[in-house]
Protein chains: 2
Amino acid sequence: MARKPGSNGEETAALVREAALELFAQQGYAAASMRQLAKLVDMRPSALYHYWPTKQDLLVDLLERHMTALLQAWAERAVELSNDPIERLDAFSRFHIRYHLARPNEVFLSYMELRNLEPQNFARIEAHRRHYESVLKDILIEGARIGAMQAPEPHVSAMAIIAMLTGVNTWYRDGGRLSASDVEQLYAEMAAAVVRVGRQNKTEAA
Amino acid sequence: MARKPGSNGEETAALVREAALELFAQQGYAAASMRQLAKLVDMRPSALYHYWPTKQDLLVDLLERHMTALLQAWAERAVELSNDPIERLDAFSRFHIRYHLARPNEVFLSYMELRNLEPQNFARIEAHRRHYESVLKDILIEGARIGAMQAPEPHVSAMAIIAMLTGVNTWYRDGGRLSASDVEQLYAEMAAAVVRVGRQNKTEAA
DNA sequence: ACGATAATGAAACGAACGTTCAATAAGCGC
DNA sequence: GCGCTTATTGAACGTTCGTTTCATTATCGT
């Protein structure tokens, strides 16, 4: 009952995070136990509490890291772009598909386990998500403003496009007929089509 | 310790199903307990086992009923429609939005709790879902065949549209600025736009 | 009226859960 | 190589879980 040779706090924490992502995504946060997680990383359950005070703190850590990294990654991509909303939407779609396809476990957790969070933790993660949604929404608003896009309800369009893009994770599997970049291309076209000008608007026509 | 006055098997089972939908949707299947559920319907936990052999059988019952009812409802709607794929897609979108907005708990469960099912149960529910997806997919294939729609990958388009439509449940709340029929109209337009002919196809152009 | 059976309650089972804590070994600056 | 910090263990706590057993009562067909 003692410290392991060669042990290092940050490395161990990273290993546990990786295993927890996998375990929580596969079984669900509530159904997964700290004992299972400990076994996956060859530790005793009590050792986990050296890193996170509670099971929920571990979940929050995972979600917070994912959302922060997502926003950070987009911020880095966005600086390379012009102000053209069409270009920005295309870049956003491709970025979203690429980023989410590469991190299925994080995405699954972020969309499924929010209800398991205590109110204050929920609020923190939800704020990140709203921030990300507003990135797309602002692109659509600007596109509609200059007449390059048709989005009578930008918020609804943004939610619809994000749901459409995120849905790729429910069916795409590596090694299938379509490559990840095929899929990226297809979704970028569909997202653009959703707000393409020229389609009828029955609401206005009525 | 006896039978309650006025008790009737089918009525009680229906009450329990309703409460279970609510409870499972709010807390998640794994996090919800049979004791909580029993308390909600003013029964003792053991009485629940008169209706379902296990907790999982109850979940399967809920999911099976939802999927069966969904397919049945579409079948009844579909007989009223012509063979025009454009009309059928519009009807499908509106049907999907209306049906899903009216049953948020069922939808949430169906999309979130599949992983908690044992393999054989998972297979049964998943078969229903694939059937429903193929309804939309067949519409898109026919639309592409007669040149009324642009869907180079009908399966991908179908998955994208379904994800887009289903996403409405993540943000829509009764009593907001937009009515359910406003939302139905918006989503029907966006779904149509996804496969509208005339948009560029960079894959072919390259 | 009565026997069969559907429906329920009371109590308990073993197992698993999240978490705590004192003890102890390894790493590290000096 | 001493001493402080960090990482880990083993054992246990109280709670809750899904489920079972069995006695008991209400209802229904006859």
Side-chain angles (χ1 to χ4, degrees), chain A residues 1-21 23-24 26-63 109 113 115-118 120-121, chain B residues 1-24 26-63 109 113 115-121:
Chain A
M1 36 171 149
R3 183 170 188 172
K4 277 184 181 173
S7 64
N8 171 286
E10 257 320 304
E11 288 173 20
T12 303
L15 275 178
V16 173
R17 273 189 221 101
E18 200 60 39
L21 274 174
L23 181 66
F24 290 171
Q26 272 173 17
Q27 309 205 355
Y29 166 76
S33 76
M34 297 296 268
R35 287 172 171 83
Q36 280 181 293
L37 177 56
K39 191 160 282 183
L40 282 178
V41 291
D42 200 29
M43 294 170 65
R44 260 32 70 191
S46 52
L48 299 173
Y49 289 83
H50 179 66
Y51 297 93
W52 300 274
T54 69
K55 186 187 179 189
Q56 170 142 164
D57 286 311
L58 169 54
L59 174 60
V60 172
D61 187 13
L62 298 176
L63 297 182
L109 272 190
E113 303 296 0
R115 66 181 163 186
N116 286 111
L117 297 179
E118 290 155 18
Q120 71 233 22
N121 292 329
Chain B
M1 37 171 147
R3 185 173 187 170
K4 273 186 181 173
S7 66
N8 170 287
E10 256 320 305
E11 288 174 20
T12 304
L15 275 178
V16 173
R17 274 190 219 101
E18 201 57 41
L21 273 175
E22 189 89 16
L23 181 65
F24 289 173
Q26 272 174 14
Q27 309 205 354
Y29 167 76
S33 77
M34 296 296 268
R35 287 173 172 83
Q36 280 182 293
L37 176 57
K39 191 161 284 182
L40 281 178
V41 290
D42 200 28
M43 294 169 65
R44 258 33 65 192
S46 54
L48 299 174
Y49 288 84
H50 179 67
Y51 299 92
W52 299 273
T54 70
K55 185 186 179 189
Q56 169 141 164
D57 286 310
L58 169 55
L59 175 61
V60 172
D61 187 16
L62 298 176
L63 297 182
L109 272 190
E113 302 296 0
R115 64 181 164 186
N116 285 111
L117 297 179
E118 291 155 17
Q120 71 233 20
N121 292 330

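Letters go in sequence order (proteins before strands), and every chain restarts at 1.
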Taking the minimum atom-to-atom distance to the side chain of [X], which one of [options] wins?
X: B:Arg44; options: D:dT19, C:dG18, C:dG9; value: C:dG9
X: A:Met43; options: D:dA7, D:dT9, D:dG18; value: D:dT9
X: A:Arg35; options: D:dA7, C:dT8, C:dT19; value: C:dT19
X: B:Met34; options: D:dT8, D:dT19, C:dG18; value: D:dT19

Report, as yes or no, whether the 6.0 Å neighbourhood of atom CD on B:Glu18 holds more than 12 heavy atoms from other residues, nucleotides or ligands.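 It does not: B:Glu18 CD has 12 such atoms or fewer within range.
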Output the rounded distance in Å from [atom1] ([X]) to [atom2] ([N]).
X: A:Lys39; N: D:dG10; atom1: NZ; atom2: C1'; result: 15 Å
X: B:Leu37; N: D:dT16; atom1: CG; atom2: P; result: 18 Å
X: B:Leu48; N: C:dG9; atom1: CG; atom2: P; result: 10 Å
X: B:Tyr49; N: C:dG9; atom1: OH; atom2: C1'; result: 15 Å
X: B:Leu59; N: D:dG18; atom1: CG; atom2: P; result: 12 Å
X: B:Tyr29; N: D:dC17; atom1: OH; atom2: P; result: 13 Å
X: B:Asp42; N: C:dA10; atom1: CG; atom2: C1'; result: 15 Å
X: A:Trp52; N: D:dT6; atom1: CH2; atom2: C1'; result: 15 Å

Taking only N and O in the side chain of [X], is any of them less than 4.0 Å away from OP1 or OP2 of [N]?
X: B:Ser33; N: D:dC17; result: yes
X: A:His50; N: D:dT8; result: no
X: B:Tyr51; N: C:dT8; result: yes

Within the 4.5 Å heavy-atom criterion, are A:Asp61 and A:Trp52 side-chain neighbours or not?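 Answer yes - side chains close enough.
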Any side-chain heavy-atom pair of A:Leu63 and A:Asn121 under 4.5 Å: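 No, their side chains stay 4.5 Å or more apart.
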Residue met sooner reading DNA chain C from 5', once A:Ala47 and A:Gln36 are mapped to nucleotides: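 Closer to the 5' end of DNA chain C: A:Gln36.
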Pick base, sugar-phosphate or nothing for A:Ala32, based on heavy-atom distances below 4.0 Å to the nucleic acid.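 Sugar-phosphate contact only.
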Is there, by distance only and without an angle test, a donor paired with an acceptor across the side chain of B:Ser46 and the base of C:dA10 below 3.5 Å?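 Such a pair is found, so the answer is yes.
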Please enumerate all residues that pass side chain to side chain donor-acceptor pair (under 3.5 Å) together with B:Arg115, with sequence neighbours excluded.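 With neighbours one apart ignored, the set is A:Glu113.
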Donor-acceptor pair, side chain of B:Tyr29 and main chain of B:Gln56, under 3.5 angstrom: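 Looks like yes, one N/O pair under 3.5 Å.
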